[in-house]
Protein chains: 2
Amino acid sequence: MALSRNDEFPVKDLTLSKWCKALSHPARIAILRNLASRGECICGDLVLDLPLAQSTVSQHLKALKEAGLVQGQVDGPRSRYCINQKNFEKFIKAFGTFGNKLNKKLICE
Amino acid sequence: MALSRNDEFPVKDLTLSKWCKALSHPARIAILRNLASRGECICGDLVLDLPLAQSTVSQHLKALKEAGLVQGQVDGPRSRYCINQKNFEKFIKAFGTFGNKLNKKLICE
DNA sequence: ATCGTATATCGTACATATACGATAAGCAAG
DNA sequence: CTTGCTTATCGTATATGTACGATATACGAT
């Protein structure tokens, strides 16, 4: 795409867009729901629940990890994943701030 | 990307991911902030505020429109845009539901 | 009718995302 | 050490996203 102009946008917008991007695929939303309801689980559990190949699920997990929304730890031959609660809360908060600001403007002005 | 498996995911996940995708670029977040603070504005106003060419801004507006988050109406030679409040509220609500469910699980179980 | 302004769309280039199978790497068990 | 299981990564194919300039379209004004 030619050159990205991302460095010319406010950091807050970049941060929020990064997190939203992490949720911009239904598989990643399903993964987060799954992780939340199980507390934690291994990659193989997710593969059973999703209509995707193991390698694809692994890619989505990597994306969520890079966005900071999940964390993983090695457990023998497995990888055990869970939601990165701290960052997830930051995301929820940032989103809430964004939504509230916009709603306030929409209603009051 | 080979064939998409999107039709095999729950509708709720698809809906939320679609909206998140609309916010997955900083320019579109900036546009929404802009529209909220101005109430409404024309494409040219946004072009002045963003580090992007007119045609690119128009593309981002189209994306937001297709996601249902903004609406536009022709005004003489201009296009006047504003936030689609009804859908935006649906989005905020859907996101809140998602976030709350996950948080509840994270805290209580 | 012509000119100027505003915007959407087209064409294009390149980047990134999504999907899969195959393979590599790591560990447990025998 | 070999076997079996789990997962990450590689290679690849294709789709989508992002950016620009150029152009078409639509309207108001002169």
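Because the structure is predicted, anything quoted here is derived from the model rather than measured. First the proteins, then the strands, lettered A, B, ... as listed; each starts at 1.
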J.: I want to verify a distance call: between C:dA19, D:dA8, C:dA8, whose nearest atom is closest to the A:C43 side chain?
T.: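 My answer, after comparing the listed nucleotides, is D:dA8.
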
J.: Strictly below 4.0 Å: does A:K21 bring a side-chain N or O up to OP1 or OP2 of D:dG17?
T.: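 For A:K21, the contact criterion (side-chain N or O under 4.0 Å from OP1 or OP2 of D:dG17) is not met.
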
J.: Step through the shown structure and confirm whether more than 12 heavy atoms of other residues, nucleotides or ligands are within 6.0 Å of NZ on A:K12.
T.: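 Count not over threshold, so no.
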
J.: Report the secondary structure of DNA chain D in dot-bracket form, marking unpaired bases with a dot and bases paired to a different strand with |, and treating Watson-Crick or G-U pairs with both distances under 3.5 Å as paired.
T.: ||||||||||||||||||||||||||||||

J.: B:L69 and B:F91: which non-hydrogen atoms are nearest, and at how many Å?
T.: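 Taking every non-hydrogen atom into account, CD2-CD2, 4.2 Å.
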
J.: As a quick check of understanding, evaluate salt bridge (charged side-chain N to carboxylate O under 4.0 Å, His left out) for A:D49 and A:R38, giving each step before the final call.
T.: CA-CA 12 Å; A:D49 271 14; A:R38 295 170 186 261; 3.2 Å; yes

J.: Taking only side-chain nitrogens and oxygens of B:T56, does any of them come within less than 4.0 Å of OP1 or OP2 of D:dC20?
T.: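 Answer is yes, contact under 4.0 Å.
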
J.: Specify the separation, in whole Å, of atom NZ of B:K18 and atom C1' of D:dT16.
T.: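 Atom-to-atom, B:K18 to D:dT16, this comes out as 17 Å.
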
J.: Whole angstrom is fine here: how far is it from CZ in A:R5 over to P in C:dT16?
T.: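 Rounded to whole Å, this separation is 14 Å.
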
J.: Quick one: which of C:dA8, C:dC20, D:dT7 gets closest to the side chain of A:R78?
T.: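 Comparing C:dA8, C:dC20, D:dT7 against the side chain of A:R78, the answer is D:dT7.
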
J.: Which residue, B:S24 or A:K65, contacts DNA chain D at a nucleotide closer to its 5' end, judged by nearest heavy atom?
T.: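 Here A:K65 is the residue nearer the 5' end.
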
J.: I want to check one thing: is the phosphate of C:dG21, taken as OP1 and OP2, less than 4.0 Å away from some side-chain N or O of A:S55?
T.: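 Checking C:dG21 against A:S55, no side-chain N or O comes under 4.0 Å of OP1 or OP2.
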
J.: Classify the ring geometry of B:H60 against B:H25: parallel below 30°, tilted from 30° to 60°, perpendicular beyond 60°.
T.: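 The rings of B:H60 and B:H25 sit tilted, inter-plane angle from 30° to 60°.
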
J.: Please report the distance, rounded to the nearest Å, between CD in A:Q59 and P in C:dT23.
T.: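 For the pair A:Q59 CD and C:dT23 P, the rounded distance is 18 Å.
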
J.: Between C:dC20, C:dT7, C:dG11, which one does the side chain of A:A53 approach most closely?
T.: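 When the side chain of A:A53 is considered, C:dC20 is the closest of C:dC20, C:dT7, C:dG11.
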
J.: Looking at every non-hydrogen atom in both residues, tell me the closest pair between A:A30 and A:L50 and how far apart they are.
T.: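 Closest heavy-atom pair between A:A30 and A:L50: CB-CD2, 3.7 Å.
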
J.: Rounded to whole Å, how long is the line connecting atom CG of A:L48 with atom C1' of D:dC5?
T.: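 To the nearest whole Å, that distance equals 14 Å.
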
J.: As a test of reading the structure: which of C:dA19, D:dA8, D:dT18 is closest to the side chain of A:H60, going by heavy atoms?
T.: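 Closest nucleotide to the A:H60 side chain: C:dA19.
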
J.: Could you tell me which non-hydrogen atom of B:L14 sits nearest to which non-hydrogen atom of B:S17, and how far apart they are?
T.: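 Smallest heavy-atom distance, with atoms named: O-OG, 2.9 Å.
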
J.: Among C:dA19, D:dT18, D:dT7, which nucleotide has an atom closest to any side-chain atom of B:R28?
T.: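 Of the options given, the side chain of B:R28 lies nearest D:dT18.
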
J.: Evaluate side-chain contact (heavy atoms from CB on, under 4.5 Å) for B:D45 paired with B:N34, printing each intermediate quantity in order.
T.: CA-CA 9 Å; B:D45 296 333; B:N34 222 302; 5.9 Å; no

J.: Counting side-chain heavy atoms from C-beta on, which of C:dA19, D:dT6, D:dA8 comes nearest to A:P77?
T.: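 Given the options C:dA19, D:dT6, D:dA8, the side chain of A:P77 is closest to D:dT6.
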
J.: Within the structure shown, what part of the strands sits under 4.0 Å from A:I42 by heavy-atom distance: base, sugar-phosphate, or nothing?
T.: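 Sugar-phosphate, backbone atoms only, no base.
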
J.: Could you pull out the closest heavy-atom pair between B:L102 and A:A36, with the gap in Å?
T.: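 Taking B:L102 first and A:A36 second, the nearest heavy atoms are CG-CB, 3.5 Å.
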
J.: Please report the shortest heavy-atom distance between A:L35 and A:Y81, naming the atom on each side.
T.: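 Closest heavy-atom pair between A:L35 and A:Y81: CD2-O, 3.6 Å.
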
J.: Send over the distance from B:L52 CG to D:dC20 C1', rounded to a whole Å.
T.: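 Result: 10 Å.
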
J.: Figure out the CG/P separation between B:D75 and C:dT5, and round it to whole Å.
T.: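 Checked: the CG to P distance equals 17 Å.
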
J.: Tell me whether the OP1 or OP2 atom of C:dA6 has a side-chain N or O from B:R80 closer than 4.0 Å.
T.: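 So the side-chain polar atoms of B:R80 never come under 4.0 Å of the phosphate oxygens OP1 or OP2 of C:dA6.
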
J.: So, OP1 or OP2 of C:dA8: does either fall under 4.0 Å of a side-chain N or O from B:Y81?
T.: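 Looking at the OP1 and OP2 atoms of C:dA8, one of them is under 4.0 Å from a side-chain N or O of B:Y81.
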
J.: From the list C:dT18, C:dC20, D:dG28, which nucleotide is the closest neighbour of the side chain of A:H25?
T.: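 From the listed options, C:dT18 comes nearest.
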
J.: I need the CG-C1' distance between A:L61 and D:dT9, as an integer number of Å.
T.: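 Value for this atom pair: 14 Å.
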
J.: Ignoring hydrogens and angles, answer whether the base of C:dA6 and the side-chain atoms of B:Q54 contain a donor-acceptor pair closer than 3.5 Å.
T.: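 In this structure, the two groups form no donor-acceptor pair.
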
J.: For B:Q73 and D:dA26, give me the distance from atom CD to atom P, rounded to whole Å.
T.: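 My rounded result for the distance is 18 Å.
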
J.: Does A:S58 put a side-chain nitrogen or oxygen below 4.0 Å from OP1 or OP2 of D:dA8?
T.: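 So the side-chain polar atoms of A:S58 do come within 4.0 Å of the phosphate oxygens OP1 or OP2 of D:dA8, strictly under.
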
